[in-house]
J.: 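For reference, the structure I am asking about is given below.
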There are 2 protein chains.
Amino acid sequence: MTRWLDDDEQRTWRAFMATSQLVNEELDRQLQRDSGMPHTYYVVLMKLSEAPDRMLRMSELAMELNSSQSRLSHAVARLEERGWVQRRPCATDRRVSWAFLTDEGFAVLAAAAPGHTEAVRQSFFDRLTPEQVRQLAEICEAVLGKADS
Amino acid sequence: MTRWLDDDEQRTWRAFMATSQLVNEELDRQLQRDSGMPHTYYVVLMKLSEAPDRMLRMSELAMELNSSQSRLSHAVARLEERGWVQRRPCATDRRVSWAFLTDEGFAVLAAAAPGHTEAVRQSFFDRLTPEQVRQLAEICEAVLGKADS
DNA sequence: CCATCTTACTTGAACTCTCAATAAAATGAA
DNA sequence: TTCATTTTATTGAGAGTTCAAGTAAGATGG
């Protein structure tokens with residue numbers, strides 16, 4: 001006894017999927033073109049830059065990024081090859097790796113940020129009213145299960 | 001002179017990115033697990049099932065899916081291997097390929113649809129009020145550039 | 001103290017997507 | 001006609017993601 005989507009839901013669902021795809025693709029293209037990295041890597045660098053001492057355990061980082069450990073592991077391996085991130089062993093628990101944002105990684109992030117932010121504005125915020133921005137936060141947080149509103 | 005995101009925008013942006021990722025991953029996992037296909041393939045079958053005679057030119061299909069021709073070409077190649085879609089030459093323009101949804105493909109789609117719909121409800125609509133559903137449609141359509149509201 | 005369970009992370013293979021290159025047919029201009 | 005351009009679609013290589021399996025080290029408990 002499937003409860004199919006009604007017309008409003010259909011409309012919303014298709015629009016949401018299309019938007020999600022469009023925005024992700026635009027950002028990926030912009031970052032790849034202008035900074036030579038996919039959006040996922042940008043977010044990794046971003047999270048690390050905000051962390052104390054610019055470092056985080058792999059598992060914490062994965063958690064904060066809503067990423068699988070596997071994906072993160074592969075990603076950090078490639079970021080390490082580029083010298084943007086460094087893995088450092090943990091003194092107290094030898095299973096743990098710390099991911100550390102290098103100066104070079106920080107510089108790359110700093111160089112990428114303005115263009116990325118501009119892209120986010122152009123493809124997203126410039127098309128919304130402040131009221132819609134507020135509504136969207138509540139909507140997304142509801143979907144994410146933040147017991148908020 | 002970068003216009004950085006303010007706090008409201010930050011909050012919305014992170015929530016939107018997280019939601020987009022979460023929902024996509026949940027749907028991909030559900031479809032992969034229960035029907036052995038990624039979400040992208042499901043959408044291909046869906047579009048074809050809605051088309052007259054269950055067939056569409058590759059380029060039309062790509063357009064409607066907001067997909068690159070390359071991506072679609074690869075996808076249809078694999079759907080064809082499974083016997084779910086068939087490519088048929090066009091009589092009047094020999095550059096054109098029609099993608100045709102086979103009976104088997106239709107059956108697979110029909111079998112996948114209830115579980116998929118249930119997943120969409122659980123991970124999305126069940127967490128939103130009707131008012132939010134309406135708001136979200138407007139927001140997404142604004143981002144997509146549908147000169148609507 | 002040692003066997004077992006759990007945690008943290010990595011690895012490899014299979015798969016999908018992107019981008020650039022290619023091919024082939026239609027279009028259009030000289 | 002003929003040759004350049006545009007349209008339609010495919011292909012292959014490189015890159016990223018996923019899933020399942022594997023490694024190593026800390027925690028548990030008899």
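Proteins get letters first, then strands, A, B, ... in listed order; numbering begins at 1 in each.
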J.: Given D:dT10, C:dC9, D:dG16, identify the nucleotide with an atom nearest to the side chain of A:S97.
T.: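 Given the options D:dT10, C:dC9, D:dG16, the side chain of A:S97 is closest to C:dC9.
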J.: Starting at atom CE of B:M58, determine the distance to atom P of D:dT11, rounded to an integer number of angstrom.
T.: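 In whole Å, D:dT11 P lies 10 Å from B:M58 CE.
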J.: With distance as the sole test, does A:R54 use its side chain to make a donor-acceptor pair with the main-chain N or O of A:L101 at under 3.5 Å?
T.: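 It does hold such a pair.
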J.: If you check every side-chain atom of A:R87, which of D:dT8, C:dT10, C:dT18 has the closest atom?
T.: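 Looking only at side-chain atoms, A:R87 lies closest to C:dT10.
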J.: Nearest whole Å is fine: how far is C:dT18 P from A:E26 CD?
T.: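 The distance from CD of A:E26 to P of C:dT18 comes to 13 Å, rounded to the nearest Å.
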J.: List the steps and the verdict of salt bridge (Lys or Arg N to Asp or Glu O under 4.0 Å) for B:R121 and A:E9.
T.: CA-CA 10 Å; B:R121 285 216 170 282; A:E9 288 167 336; 3.0 Å; yes
J.: In whole angstrom, give the distance that lies between atom CD of B:E25 and atom C1' of D:dT17.
T.: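 Distance, rounded to whole Å: 9 Å.
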J.: Taking the six-membered ring of B:Y41, is NZ or CZ of B:R78 closer than 6.0 Å to its centre and within 45° of its axis?
T.: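 Negative - B:R78 is either too far from the ring of B:Y41 or too far off its axis.
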J.: In this structure, how many angstroms lie between the P atom of C:dC9 and the CG atom of A:L72, rounded?
T.: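 Distance, rounded to whole Å: 9 Å.
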J.: B:Q69 CD to D:dT7 P: how many Å, rounded?
T.: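 Interatomic distance, CD of B:Q69 to P of D:dT7: 11 Å.
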J.: Ignoring hydrogens and angles, tell me if any N or O in the side chain of B:S49 forms a donor-acceptor pair with the backbone of B:M46 under 3.5 Å.
T.: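 Yes, because the side chain of B:S49 sits within donor-acceptor range (under 3.5 Å) of the backbone of B:M46.
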J.: By nearest nucleotide on DNA chain C, pick out whichever of A:A77 and B:M37 is the more 5' one.
T.: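 Here A:A77 is the residue nearer the 5' end.
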J.: Of the listed nucleotides (D:dA20, C:dA20, C:dA13), which one gets closest to any side-chain atom of A:H74?
T.: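 The nucleotide sitting nearest to the side chain is C:dA13.
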J.: With distance as the sole criterion, is a donor-acceptor pair present between the side chains of A:D28 and A:Q32 under 3.5 Å?
T.: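 The criterion, which ignores hydrogens and geometry beyond distance, is not satisfied for A:Q32 and A:D28.
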J.: For B:E60 and for A:P38, locate the closest nucleotide of DNA chain D by heavy-atom distance; then report the residue assigned to the nucleotide nearer the 5' terminus.
T.: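 This one resolves to B:E60.
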J.: When you match B:R82 and B:S70 each to their closest nucleotide on DNA chain C, which lands nearer the 5' end?
T.: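 This one resolves to B:R82.
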J.: Starting from C1' on C:dC9, measure out to CG on A:L56 and report it in whole angstrom.
T.: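 Result: 15 Å.
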J.: With no hydrogens and no angle check, do the side chains of A:Q135 and A:E131 hold a donor and an acceptor under 3.5 Å apart?
T.: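 Indeed, the side chains of A:Q135 and A:E131 share at least one donor-acceptor pair under 3.5 Å.
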J.: Taking OP1 and OP2 of C:dC17, is either one under 4.0 Å from a side-chain nitrogen or oxygen of B:T40?
T.: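 Looking at the OP1 and OP2 atoms of C:dC17, one of them is under 4.0 Å from a side-chain N or O of B:T40.
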J.: Any protein N or O atoms within reach of nucleotides 23-27 of chain C? Criterion: under 3.5 Å, listing atom names and distances.
T.:
| residue | atom | partner | partner atom | Å |
| --- | --- | --- | --- | --- |
| C:dA26 | OP1 | B:R94 | N | 3.3 |

J.: What's the closest nucleotide to the side chain of B:S68 if the choices are C:dT16, C:dT18, C:dC9?
T.: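 In terms of side-chain proximity for B:S68, the closest of C:dT16, C:dT18, C:dC9 is C:dT18.
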J.: For the pair made of CG in A:N24 and C1' in C:dC17, what is the distance, rounded to whole Å?
T.: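 In whole Å, C:dC17 C1' and A:N24 CG are 13 Å from each other.
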J.: Give a yes/no on whether any side-chain N or O of A:Y41 is located under 4.0 angstrom from OP1 or OP2 of D:dG16.
T.: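 For A:Y41, the contact criterion (side-chain N or O under 4.0 Å from OP1 or OP2 of D:dG16) is met.
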J.: Tell me which nucleotide among D:dG16, D:dA9, D:dC19 gets nearest to the side chain of B:R29.
T.: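 For B:R29, the side-chain atoms sit closest to D:dC19.
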J.: Please state how far atom CG in A:L61 lies from atom P in C:dC9, giving the value in whole angstrom units.
T.: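 Computing the A:L61:CG to C:dC9:P distance gives 10 Å.
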J.: Would you name the heavy atoms of A:K47 and A:L61 that are closest together and state the gap between them?
T.: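 Heavy atoms of A:K47 and A:L61 come nearest at CB-CD1, 3.8 Å.
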J.: For C:dT16, take OP1 and OP2 only and decide whether either is under 4.0 Å from a side-chain N or O of B:R71.
T.: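 No, B:R71 has no side-chain N/O under 4.0 Å of OP1/OP2 on C:dT16.
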J.: Are more than 12 heavy atoms, taken from residues, nucleotides or ligands other than A:F100, located less than 6.0 Å from that residue's CZ atom?
T.: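 Correct, the count exceeds 12.
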